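Atom set for the values below is all heavy atoms of this structure, side chains included, hydrogens, waters and symmetry mates excluded. Quantities reported herein were computed from a predicted structural model and do not represent experimental measurements.
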Amino acid sequence: MTTIARSTDTLTRDALTVLQPGFVGTTAPDWLLRRIGEGLTSVGLFGRNIATADQLAKLTAQLRSERDDVLVAIDEEGGDVTRLEVRTGSSFPGNLALGSVDDTDLTRAVAHELGRRLAACGVDLNWAPSADVNSNPDNPVIGVRSFGADPRLVARHTAAYIEGLQSAGVAACTKHFPGHGDTAVDSHHALPRIDVDLDTLHARELVPFRAAIAAGSKSVMSAHILLPALDPTRPATLSPRVLTGLLREELGYDGLIVTDAVEMQAIASTYGIERGSVLAIAAGADALCVGGGLADEDTVLRLRDALVAAVRAGELPESRLADAAARVRALASWTRAARGSVAGPGAAEGAASGSDIGLVAARRALRVTGSAAPLSSPPYVASFTPVANIAVGDETPWGVGVELSALLPGTATGTYGPSADPASVLAAAGSRRIVAVVRDEHRHPWMSSALSALLSARPDTVVIEMGVPQAVARGSVHIATHGAARVCGRAAAEALLPTPPLP
């Protein structure tokens, strides 16, 4: 039941309501429960908070023992960005794989199954899907997280994903408005700038967001990107022209607007998180995501107090803060009602069991070039590994080594970085056939050079591309998986066997 502390004044309660903080640990700390009692309405979960489905269900129940309508949010895209399966790799292949298949019924089914598993654990707001059009192949942070480079394709799959997720009782948060696909800079590190005109923006970036709005996306996440055609001075997250003028007024969106994490350097290093948070709410945002990097009570209090001080100083209209808080509470009411309408099995049973639709999708997403003989004996898997971006992280395994080892016991593996010496790969492989695993080969000259040397010495090498398949397909067999999730690795490993399973 709800136990909001009556001593908390309305202004302070509203300031707490618009925060979506994180925390450290697999149980809720006392400070977080105390703030929920004072009005905090949302909590964000990350991989560090999750060990098992049962543990997660107990954690969400613990949060709701303080407030039964608390929003429990998570960054669970499937594919590269997974929190439910952060230590094993995702059971879902990710957006690019779904876009490459281009079956909206499949996308809808995958999103529904993902939502069902989240709901079974008590999670009811997912910071997904990514509706970014990956128009820049060198994009360092979107890539396989996008459905593709065609705005219309991205639009129809964004809508299908939202419909599938929300039919399971989990609110979608379509991101990263107004589109992060044409960037060459990761906003975790700096402020990206997109120099396109308004016609291009409307014909490309905004097409999927219009579809998301039509599909009823319960929330939209803003991007920390500068678009001079819309606002030459402020990034989208802090821009009234973007959040209020474009998203609210022009596109007619009336749901919750959530910021991307305010501790990302695009905001933190230019405005500071306190000032940035005030500007974001003033610009039209309703909720402030924070906690991926800053996950402590001091951060919550700093942001709460900054909002309260801004209202009292006349820098932030109290009515704007109250409106933002009301939108958060409205979404919390929707999710609470949705929980009752889609109640199903218990957490451990509901989260772990069910459809293998993710593997089905990963198999359908494979693109195989070449016709060399399948593997007849355990190979040597050489994984060429780039530095992971912050959104993905480096704690989630990827590749095909584990999956091939399960199917062909005795498979040997090695991991290589930018200083990779092809001669050492050849020496480690010995007489075994080499399976070279790459990821975004087109973005990494060192990777391309190493692969060229391997293919020159061993033309029978199999190449598996687990990123965006932009480079020319080469190798005796080339398999593009369109993603690096665990199921993508499984599907690729199966395809190398003499008799692969049927899709």
**Message:** Please determine whether salt bridge (Lys or Arg N to Asp or Glu O under 4.0 Å) holds for the pair Lys175 and Asp75, giving the CA-CA distance in whole Å, both sets of side-chain angles, and the decisive distance to 0.1 Å.
**Reply:** CA-CA 11 Å; Lys175 61 189 183 186; Asp75 198 7; 2.8 Å; yes
Under the 3.5 angstrom rule, does the side chain of [X] hit a backbone N or O of [Y] as a donor-acceptor pair?
X      : Y      : result
Gln166 : Ala172 : yes
Glu263 : Gly292 : yes
Thr60  : Cys121 : yes
His482 : Ala365 : yes
His224 : Ala261 : yes
Asp132 : His180 : yes
Gln55  : Asn49  : yes

From [X] [atom1] over to [Y] [atom2], what is the distance, rounded to the nearest 0.5 angstrom?
X      : Y      : atom1 : atom2 : value
Phe23  : Thr299 : CZ    : OG1   : 14.5 Å
Arg364 : Leu106 : CZ    : CG    : 5.0 Å
Asp260 : Cys173 : CG    : SG    : 9.0 Å
Ile213 : Leu206 : CD1   : CG    : 9.0 Å
Leu256 : Leu125 : CG    : CG    : 7.5 Å
Lys218 : Ile162 : NZ    : CD1   : 11.5 Å

**Item:** Side-chain heavy atoms of Gln20 within contact of Leu288, under 4.5 Å
**Value:** no
**Prompt:** Looking at side-chain heavy atoms only, is the closest gap between Thr385 and Tyr416 below 4.5 Å?
**Reply:** no
Closest non-hydrogen atom pair, [X] against [Y]:
X      : Y      : result
Val133 : Pro151 : CG2-CA, 4.0 Å
Val72  : Asp124 : N-OD1, 2.9 Å
Leu98  : Ala361 : CD2-CB, 4.0 Å
Ala485 : Gly79  : CB-CA, 3.8 Å
Pro137 : His442 : O-NE2, 2.8 Å

Short side-chain donor-acceptor distance under 3.5 Å, [Y] and [X]:
X      : Y      : result
Ser476 : Arg433 : yes
Arg474 : Ser448 : yes
His157 : Arg108 : no
Ser222 : Thr237 : yes
Ser91  : Glu85  : yes
Asp421 : Ser419 : no
Thr52  : Asp54  : no
Asn134 : Ser146 : no
Glu77  : Thr82  : no

**Message:** Would you call the rings of Trp446 and His444 parallel, tilted or perpendicular, taking 30° and 60° as the class edges?
**Reply:**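 Plane angle between 30° and 60°, so tilted.
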**Request:** May I ask you to establish whether Arg486 and Trp398 are in a cation-pi arrangement, using a distance under 6.0 Å from NZ or CZ to the six-membered ring centre and at most 45° from the ring axis?
**Result:** no
**Item:** Asp138/Arg443 under salt bridge (Lys or Arg N to Asp or Glu O under 4.0 Å): CA gap, chis, key distance, verdict
**Value:** CA-CA 6 Å; Asp138 291 328; Arg443 291 185 51 234; 5.1 Å; no
**Request:** Return yes when atom CZ of Arg152 has more than 12 non-hydrogen atoms of other residues, nucleotides or ligands closer than 6.0 Å, and no otherwise.
**Result:**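 No, the 6.0 Å shell around CZ holds no more than 12 heavy atoms from other groups.
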